[in-house]
Amino acid sequence: MYSLFLSILPRSSLSLPTPEQMVGARGISLQCLAVALTLHVAVIAGEFFKPFNVSYDHRALIIDGKRRMLISAGIHYPRATPQMWPDLIAKSKEGGADVIQTYAFWSGHEPVRGQYNFEGRYDIVKFVKLVGSSGLYLHLRIGPYVCAEWNFGGFPVWLRDVPGIEFRTENAPFKEEMLRFVTKIVDLMREEMLFSWQGGPIIMLQIENEYGNVEGSYGQEGKEYVKWAAKMAVGLRAGVPWVMCKQVDAPEDIVTSSCLTFHISVYCYGDSEVSNIRSYQQNWTWFIVVFKPNSYKKPTLWTENWDGWYTTWGGRLPHRPAEDLAFAVARFFQRGGSFQNYYMFFGGTNFGRTSGGPNYITSYDYDAPLDEYGLLRQPKWGHLKDLHAAIKLCEPALVAVDSPQYIKLGPKQEMNDKFQAHVYGTNVHGEGQTLTLLEKKSRCSAFLANIDEHDSATVTFFGHVYTLPPWSVSILPDCRETAFNTAKVGTQTSIKTTEFSLPFSTNISVPSQDKVSLISGTWVTVKEPIGAWGEDNFTVRGILEHLNVTKDRSDYLWYMTRIYVSDDDISYWEDNSVEPALSIDSMRDLVRIFINGLYAAAGWSVAVGHWWQAAHFLDVFNVALVFPLPLLLLLVSGFLAKGVASEGSKVGHWVKVEQPIQLKQGYNDLVLLSETVGLQNYGAFYEKDGAGFKGQIKLTGFVNGDIDLSDTLWTYQVGLRGEFLQIYSLVENETAGWTDMTLDAIPSAFSWYKAYFKAPVGMDPVVLDLGSMGKGQAWVNGHHIGRYWTRVAPKDGCQRTCDYRGPYNSEKCTTNCGKPTQIWYHVPRSWLQTSDNLLVLFEETGGNPLGISIKSHSTKVVCAQVSESHFPPLQAWSHPDFVNRKVLVSEMIAEMHLQCDDGHKISSIQFASYGTPKGSCQKFSKGNCHAPNSLSVVSQACEGRNSCSVGISNAVFGDDPCRGTVKTLAVEARCVPSPSIGFSAMK
């Protein structure tokens, strides 16, 4: 089990801020009081750091007087439950993290102006204290703009209604609100004694975020805003450094710079390397930017190393190879970097309506080292753990000098920008390709890089020969022995499954299906009214902007009006074969059209990419299948969707709608349901972008010309009746007027469904399989699981194999083509009880709830392939015999490590071969060379255990099965839950 433990970091001296730093002009007495309070908190809550200062120079952050090389793990506390936090932090620490990084989410902490929320998933104080209790530091990015694919970029929607406000520029109302929230967070952290100088874990803060990308849109006022934000932040006297992310004009004496991308300096190329490889491409598939701090006084920080990517509804699933990610990190430290953060180390879940976009999915898995449920993603997690251990072995040399010695490797130096060494250390003299250690106690670490995308290289360094795979870095902590190579993965591969944990039953008889597990008990349903349903609807003249009406209290806003059709109009259509149409100049994110109570059509726009590449889709429903009686629905031919640039967005992701409709003589009721699917979270002036409709709404094809509906009377209704009544809650769900669901009522659009289920046994994460549904939202025991939508990804564009070599982009290694983007939805264990768990869904398009099931998610198969040529485990570097120079690391043997999830054990070894095995995980086969006792050796070492290790040597397997050949051990093992594990509410 992963658990938190006491970790007191030794400090050479007690270094406190000056009285002025702590209290300004208020005197030394308050400083003494602060120290006393620090000690008081240490007694109450337990303190794991002595108070220490944090500063920086041009090389690194300086913590308690010492330069540090820091690995940071991004975890957003609201994307997990408090019960998950300790395990996530512990796994991050075990994976080699020194720091946890998180945003502060303004929209969650102040949902109503002046009313703060620091409870549950928004208990930021608890989260920070857990980080500190684990012995890790914290980087708190206050922003307050966060982007983060979070609804409205983390700003509360009420902010856009402040009179005269304009976001993120030299605007007094915005600056006043921003100052108030930032001050609130800084004061809260200070009051809770969470800054480093108080003995807390916070070593760094961030003000603003990614502003450099949009600053030019604001002109001189943008530049003034940057200066104000920096001055404001430092004026709060937090006592730790502030950073700005991607801000080249960050004030030199106030805030240090940092940056973000898939590929910092794109894998940290030098200027000459950039010209030798590729140049910027406007289509953003990937690009090269050489990042350098804007002052020699500042260190090189990497606040966002994107180890995966987010996903949109109907999109493919992106994956970033572990080899490429490790290569980028190694290159960063090789070329002088000192702080690197994985965005994300754990991505988690966009519970409720927190996903941004528009059209970002509920899962925020991000292909992170810890998956959405908190399980290790292997080999990524393990490969990075080894990388971090290797970098830590180099830390004494890395911090000892201001810059490395750079050496081109190979006999033709003018040809070898692709093969290079960077050497760090004291008392190291380099001349040409020869290095000399001038003293016995010299510190020396080296990084050898091959940035060629195709070919391996054999190079000579320090008199030794090294083979470098393509697109890789070898790390030599002592400038002699290789501890790690980014392209050589010896970590296991974990194959996870989502499967039924126990059989369920239903009150409705359905055809038998293999391995079908349904929700237990009786399914009941209630219809959602179309149009006005409450007393709070209102009528005004004209088209109102969606968010101005809803204030984002709901995704849904009903627009209702009445149209008169004359006999002359009917005759005109018949005589001229003309079809009337509804025309909407500009729409986002989704509109559903009803004529006389009948569903006519739907359409939506999807914004793709971080810089808003617009893509548009049309939604044509098959009436017979999707909407049975009692609704008789109109067949439609679809949408004519055209991109329309909108005010305030980088590239327009609004669409023009032209929809043929069928009208009768006399009065016709037109109802438009506008829906948001996550509010925009990126771009200049995006607070002005809004939602719903823009421009003119009109009817075309009438005898007397177009009918402009933009200035007619419209009735508005916010939200759904079921939302207003909270029929998803444990208290109010019985008031909805539920009726038993029958087969002939399936599927049914705009319907609520309710059932109860038992929690799966064990401690594995729980998922709700909604693959049989259409689009809607789900709640469990009153907790909002999030939006669901079974939009299918394109059939093409996925790769059969993923080649790690070469710069990564989000389209490079995708999967899930031709399948729904997301069908599994995380239900945290802490939200469940053993039985009688309430499940409520609102379904918009006509899904089938009988296909819903509750499943558990776990690792069922682990595989590994390790050869004699792999490096010994990193722990070998701390072995006494190595430390005392009695043995070389190269004389130690490689090892294979296998591990199941917590609460699981290795039940059987499905395959084992020491020799020359072939294939890959779940497709292994024996080669021409095979040790007969392979299976028995591995089985004896591993079966019945949660984890095990097997040495890769002839001695372990009794004999050499094929002399003169490099042997490899390939293993496939199966994991099962340990029998002692029962119901758990910890994840």
Side-chain angles (χ1 to χ4, degrees), residues 15-18 20-22 52-72 98-99 101 137 139-142 195-197 202-212 215 223-261 264-265 268-271 289-305 331-341 395-406 422 424-426:
S15 179
L16 288 172
T18 65
E20 290 76 18
Q21 287 176 307
M22 296 184 67
F52 61 96
N53 277 339
V54 181
S55 60
Y56 58 85
D57 62 13
H58 63 279
R59 180 67 185 98
L61 289 177
I62 299 173
I63 296 179
D64 198 22
K66 299 177 181 178
R67 287 177 175 174
R68 292 295 310 275
M69 298 290 108
L70 297 173
I71 301 293
S72 176
D98 309 290
V99 182
Q101 182 196 86
Y137 303 125
H139 176 205
L140 180 58
R141 308 174 75 185
I142 300 178
F195 288 113
S196 63
W197 53 271
I202 299 176
I203 62 170
M204 192 161 57
L205 300 171
Q206 178 175 307
I207 194 69
E208 251 300 335
N209 187 43
E210 304 178 32
Y211 191 69
E215 181 179 343
K223 297 180 182 298
E224 296 302 319
Y225 166 68
V226 170
K227 295 176 183 178
W228 170 84
K231 184 177 181 180
M232 177 271 289
V234 174
L236 295 176
R237 314 184 77 82
V240 297
W242 288 83
V243 302
M244 280 184 165
C245 178
K246 211 166 188 178
Q247 196 64 47
V248 296
D249 60 349
E252 181 171 341
D253 59 344
I254 300 175
V255 182
T256 188
S257 299
S258 59
C259 67
L260 71 162
T261 179
I264 180 79
S265 310
C268 291
Y269 296 134
D271 294 337
V289 176
V290 178
F291 171 77
K292 298 177 181 177
N294 65 355
S295 168
Y296 181 72
K297 299 178 182 179
K298 304 175 184 180
T300 301
L301 311 180
W302 193 356
T303 54
E304 290 190 21
N305 179 3
R331 288 288 283 161
F332 174 69
F333 285 98
Q334 176 182 2
R335 295 186 59 85
S338 60
F339 175 99
Q340 186 271 160
N341 174 73
E395 186 173 15
L398 291 173
V399 301
V401 295
D402 291 339
S403 60
Q405 297 185 47
Y406 172 67
H422 289 71
Y424 291 84
T426 56

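Remember, it's a predicted structure, so these values are computed and weren't measured experimentally.
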Q: Apply the test side chain to side chain contact (heavy atoms under 4.5 Å, CB included) to residues Met204 and Leu301: give CA-CA distance (whole Å), side-chain angles for both, the deciding distance (0.1 Å), then the verdict.
A: CA-CA 12 Å; Met204 192 161 57; Leu301 311 180; 4.1 Å; yes
Q) What distance separates Ile203 CD1 from Leu61 CG, expressed to the nearest 0.5 Å? A) 6.0 Å
(Q) Let me confirm one number: the CG-CG distance from Asn53 to Asp64, rounded to the nearest 0.5 Å. (A) 8.0 Å
Q) Rounded to the nearest 0.5 Å, how far apart are CG of Asp98 and CD of Gln340? A) 10.5 Å
Q.
Is there a side-chain contact between Thr303 and Gln101 in this structure, where contact means two heavy atoms from C-beta onward sitting under 4.5 Å apart?
A. yes
Q.
What I'd like to find out is whether the side chain of Leu70 reaches to under 4.5 Å of the side chain of His139, using heavy atoms alone.
A. no
Q) Atom CD1 in Ile62, atom CZ in Arg68: separation rounded to 0.5 Å? A) 12.5 Å
Q | Derivation of the side chain to side chain contact (heavy atoms under 4.5 Å, CB included) call for Asn305 and Phe332 | A | CA-CA 10 Å; Asn305 179 3; Phe332 174 69; over 6 Å; no
Q. Heavy atoms, side chains only, cut-off 4.5 Å: are Ser338 and Met69 in contact?
A. yes
(Q) Using 0.5 Å steps for rounding, measure from the CD atom of Gln247 to the CD atom of Gln206. (A) 10.0 Å
Q. So do Arg335 and Thr300 actually touch side chain to side chain, heavy atoms under 4.5 Å?
A. no
Q. Stepwise, does the side chain to side chain contact (heavy atoms under 4.5 Å, CB included) test hold for Glu208 with Val226?
A. CA-CA 8 Å; Glu208 251 300 335; Val226 170; over 6 Å; no
(Q) Quick check for you: to the nearest 0.5 Å, what is the distance between Arg59 atom CZ and Leu398 atom CG? (A) 6.0 Å
Q | For Arg67, all residues meeting salt bridge (charged side-chain N to carboxylate O under 4.0 Å, His left out), sequence neighbours excluded | A | Asp57, Asp402
Q: In sequence, state the C-alpha distance, the side-chain angles, and the governing distance for Asn209 and Glu304, and then conclude on side chain to side chain contact (heavy atoms under 4.5 Å, CB included).
A: CA-CA 11 Å; Asn209 187 43; Glu304 290 190 21; 4.2 Å; yes
Q: Would you confirm whether the ring centroid of Phe52 sits within less than 6.0 angstrom of the ring centroid of Tyr137?
A: yes
Q.
I'd like to check Val54 versus Phe195 (side-chain heavy atoms, cut-off strictly below 4.5 Å). Are they in contact?
A. no
Q) Once the angle between the rings of His422 and Tyr406 is folded into 0 to 90°, is it parallel (under 30°), tilted (30 to 60°) or perpendicular (over 60°)? A) tilted
Q) Tell me, do Ser72 and Phe339 make a side-chain contact under 4.5 Å, heavy atoms counted? A) yes
